[in-house]
Amino acid sequence: MATDFTLNGKPTRFDGDPETPLLWVLRDHLGLTGTKYGCGVAQCGACTVHLDGKSRRSCVTPVSTVAGKNVTTIEGVEGKTAEAVQSAWVAIDVPQCGFCQSGQVMSAIALLAQKKRVTDEDIDNAMAGNICRCATYVRIRQAIHDASAKLGA
Amino acid sequence: MHALLPSRRAFLQSSGLVLGLALPMRGAAKAAATAVPFAPNAFVRVSTDNLVTVIIKHIEMGQGPATGLATILADEMDADWSQIRVEFAPANDPLYKNLAFGTMGTGGSSAMSNSWMQMRNAGASARAMLAEAGARRWGVPVSAVKVSKGVVSSGTHKASFGELAADAAGLKPPEKPILKTPDQWTLIGTDLTKVDSATKTDGSAMFTMDIRRPGMVHTAILHPPAFGGKASKVVDAAALAVPGVLAVKTLPQGVVVYAKDSYSAMKGRAALDVTWDLSAAETRTSEQLYNTFAEAASQPGNKVEASGDVAAALKGAAKTIEATYLFPYLAHAPMEPMDAVIEMKGGKLDVWMGSQFQVGELGAICATLGVKPEDAALHEQYAGGSFGRRVTPLMEFAVEAASAFKAYGGAAPVKHVWMRENDIRGGRYRPLTVHKVRGGIDAAGNVVGWEQVAAAQSFFKNTPMEAMGIQKGIDDSITEGLADAYHFPNSYIGQHIMEGGVPTLWWRSVGNTHTAYVMETFLDELLALGGKDAVAGRRALMKEARLKAVLSKVAEIADWGGKVAAGRARGVAAWKSFGSYVAQIAEVSVGPEGVPKVHKVWCAVDCGIPINPNVIRAQIEGGIGYGLGHALYSEVVLGEGGVVQQGNFDSYRSLRIGEMPAVEVAIIKSTESPTGIGEPGLPPAAPAVANAWRKLTGKTVRRLPFIHGDNA
């Protein structure tokens, strides 16, 4: 059974097991490897994508549930908020190993898209689902504040 | 890794581990290839489009060597930072060995220290040749030529590196390139942007897990439920019936399901029905191991160091205290689990890995597959963390991946990936360790006696590294640093190497993960008992001036002794590891779960000449976070029958953003040669927090993690 959805702005069809988690559809079938596997049970956030603009853990999202919806991955994310977040990330060298950072960036963009002016508590809440084993958290927090400032909050 | 590193070289030369690898491997000549006009040595290439590519011989797993090594070379070369690119070295010991090991590999926070002069010379040599090329082209003496930011000039003459590359290629490298004096450095010591931040922010950086090859087969492996178990009966009909599953093979390591994609492989694995033979397995629980190890630690064991007469000193002490400390097994749990991609085509072997032990692992894969090293190439990838996990004495993962490839017949490329559960339950843990310690003070509060005995497995035991790692019954990693920090007039340090079937390993900062915790918390108690200040009291006992200096510095930046907010307390700890000196002060309050909420950690660090302060601060931040996360929340527990109780981040708890303290770092302006930074930030973090916690609550935490019920 085929599943049709919009991926990074383009109509996309997946012709396979509709229970397949979106993560593996992206990585194994569509070749978009920026979205990472880290746990498979929605504990680490490395697989975070946007589903109709909101953060979503793709490792526990059966592809059938995104039928007709808009999926955005790290490869396709764009716009003012995304630019602010990603340039803030690079400016202060947030990544260490980098493996979790696609997910961190996607969660940060979703947060600032929803609320431009954020407190530390907002960041704690929005980013709690994204583990960074290198513990780059000090810089993640700083980069989100920097991006928020740049967005004129 | 380990303080004994220099002698590892001798081991590698004598063990036969790298036999046959003196032959260059495929791709090894790449660095010297003529495809680019100017490749003066193994570490740098200049292309006509004016890009300078620095060849990185160390794994980049987040600790920053790609940036650090490029910084050193670029500075001596006088390249412009914007023209610098990096590329990972092929597997080739003659060109790219770690000078501290004798083979390619990364560990012991040695990347900068072993490469420092090598990269300086490589850059200075390239610079001299480019300057000479300019001089010849313009008919001026070399002394009249300047090199700055990638431009060679003399009076009105001017050329970029790229423009001179072809000319420089024809010149002979200087025999002894002239190095800059420290005042001439323009990049070393500055906060350069890291070379990999952009691609790690937009998702384009490639990791092993991202490699895709035509016709590639995906695997999922089921390991035995207890260490040392073996599959005795495999019923695979249901697994084979899963659409997309291609085959099921039983290996000594476990049962492998091969499939067209990852999800089918995982579904197939879930459908396996395996009977395990656990007759040779380690079936003891963590509690049983703690009891056995504690019993051993109540005896003196093998002597590491002794001074004076500790028994008499403790007997005559005005006050004594004693304690038993328990440290659990810990998984490294790098964000990217262990993985490799192997392909064989036309007799040529290609391996994609983020290998931390490049020549050894490719050699192990070659040996497993019966391939000659000259027919094999390693394509080194970014590694999604390691913390010590990606280099093991027996190279089991590389062997397992090669075995999985071989069992499938070798016709298709195989991507062998551990799922998170494989990783958490897969062993090679920080060793479960017990310390018993007794200390005494005299009437004036001076420490008069210190007796400490540790019991743990040795991860060198039963590996080719045993002769190097265990000498005269002592594995230095078990009692790492205990004899080095303080002058005690009467002391005894001893250790027991315990038997156990759980595979263990170095884990970010190795033995210092527990030795620093015991010494720094127990000394803090003794000082408090004697009415001594935690900073002044330590300083009076410290052996090394550089350790005293970081302690003084951190006390200054944190305003030690100043006012602390109500409901909070501060603790201090200092430790030297991997040649670097680190002192930290932590400020804590009582968190919602009854464990410390760590608000801030101040840190002073002396790691020699600071090559990139930005990377140093990042590694201190990360070391503190990694150390605290595990000390507060993490443990791998063996339950009934030796079965690991944790399996994923829902049970093996990781630090999250709201639990990360603010971090302020002061870097000592040292002129000593650079030393490690990937690991030294970790050891003082947990004891500094424990000391603050004791001040705040009166509770001593002797069983880690803090969240363990015994500490409530």
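Residue numbers begin at 1 in each chain, while the letters A, B, ... track the order of the sequences.
The candidate from A/Asp17, A/Val77, A/Ile140 with the greatest count of non-hydrogen atom pairs under 4.5 Å with chain B is A/Asp17. Per-residue counts of heavy-atom pairs under 4.5 Å with chain B were compared for A/Val25, A/Ile131, A/Asn125, A/Asp124; the largest is that of A/Ile131. When A/Ser102, A/Gly16, A/Ala42, A/Pro21 are compared by the number of non-hydrogen pairs under 4.5 Å with chain B, A/Pro21 comes out ahead. Counting heavy-atom pairs closer than 4.5 Å to chain A, the top residue among B/Gly64, B/Ser262, B/Gly203 is B/Ser262. Most heavy-atom pairs under 4.5 Å with chain A: of the set B/Ser264, B/Ser654, B/Ala205, this distinction falls to B/Ser654. Chain A forms the most heavy-atom pairs under 4.5 Å with one residue out of B/Asp202, B/Thr67, B/Thr199, and that residue is B/Asp202. Of the residues considered (B/Val663, B/Thr193, B/Leu628), B/Thr193 shows the highest number of contacts with chain A, using heavy-atom pairs under 4.5 Å. Of the listed residues (B/Glu421, B/Glu60, B/Arg508, B/His218), the greatest number of heavy-atom pairs within a distance under 4.5 Å of chain A belongs to B/His218. Note on A/Gly31, A/Ala91, A/Cys132: by heavy-atom pairs under 4.5 Å with chain B, the leading option is A/Gly31.
A/Thr48 and A/Arg57 share a side-chain donor-acceptor pair at under 3.5 Å. A/Thr136 and A/Gln101 share a donor-acceptor pair across their side chains, judged by distance under 3.5 Å alone. A/Thr119 and A/Asp122 form a side-chain donor-acceptor contact under 3.5 Å, judged by distance and modelled atom types alone. The closest side-chain donor-acceptor pair between A/Gln96 and B/Gln619 falls under 3.5 angstrom. Side chains of B/His332 and B/Asp423: a donor-acceptor N/O pair is absent below 3.5 angstrom, by distance only.
The 12-atom threshold is not exceeded at NZ of A/Lys80, counting heavy atoms of other residues, nucleotides or ligands nearer than 6.0 Å. Heavy-atom neighbours of B/Lys600 NZ from other residues, nucleotides or ligands within 6.0 Å: above the threshold of 12.
The part of A/Ala46 that comes within reach of chain B is its side chain, from C-beta onward, which places non-hydrogen atoms under 4.5 angstrom from that chain. Using a 4.5 Å cut-off between heavy atoms, B/Ser204 does not touch chain A at all. Both the backbone and the side chain of B/Asp210 come within contact range of chain A, each with at least one heavy atom under 4.5 Å from a heavy atom of that chain. B/Lys267 touches chain A through its side chain: at least one heavy atom from C-beta onward sits under 4.5 Å away, while N, CA, C and O do not. Residue contact with chain B, scored on non-hydrogen atoms closer than 4.5 Å, involves the backbone and the side chain of A/Thr20 alike. Interface residue A/Val138: backbone and side-chain heavy atoms are both found under 4.5 Å from chain B. The contact between B/Met266 and chain A is made entirely by side chain atoms (from C-beta outward), counting heavy-atom distances below 4.5 Å. For a residue to count as touching a neighbouring chain, one of its non-hydrogen atoms must lie under 4.5 Å from one of that chain's; by this rule B/Ile59 does not touch chain A. Using a 4.5 Å cut-off between heavy atoms, B/Pro661 contacts chain A through its backbone alone, with no side-chain atom that close. Proximity to chain A (any heavy atom under 4.5 Å) is shown, for B/Ala333, by both the backbone and the side chain. Of the atoms belonging to A/Leu23, not a single heavy atom falls under 4.5 Å from chain B. B/Ala618 touches chain A through backbone and side chain together, each having a heavy atom under 4.5 Å away. B/Met61 touches chain A through its backbone: at least one of N, CA, C or O sits under 4.5 Å from a heavy atom, while the side chain does not. Residue A/Asn130 touches chain B through its backbone alone, counting heavy-atom pairs closer than 4.5 Å. Of the two parts of A/Glu19, the backbone and the side chain both hold a non-hydrogen atom closer than 4.5 Å to a non-hydrogen atom of chain B.
Scanning both residues, A/Pro95 and B/Lys200, for their nearest heavy atoms gives CB-CB, 3.8 Å. Residues B/Cys603 and B/Ile620 come closest through the heavy atom pair SG-CG2, 3.6 Å.
Taking the six-membered ring where tryptophan is involved, the planes of A/Phe14 and A/His29 are perpendicular, since the angle between them exceeds 60° and thus also 30°. A perpendicular orientation is assigned to the rings of B/Trp507 and B/His630, their planes being inclined by more than 60° (bins at 30° and 60°). Between B/Phe207 and B/Tyr382, the two ring planes are tilted [angle within 30° to 60°].
Ion pair A/Arg141/B/Glu621 not flagged as a salt bridge, since none of the NZ, NE, NH1 or NH2 atoms sits closer than 4.0 Å to an Asp/Glu carboxylate oxygen. Ion pairing between A/Lys36 and B/Glu336 fails under the 4.0 Å rule for side-chain N and carboxylate O.
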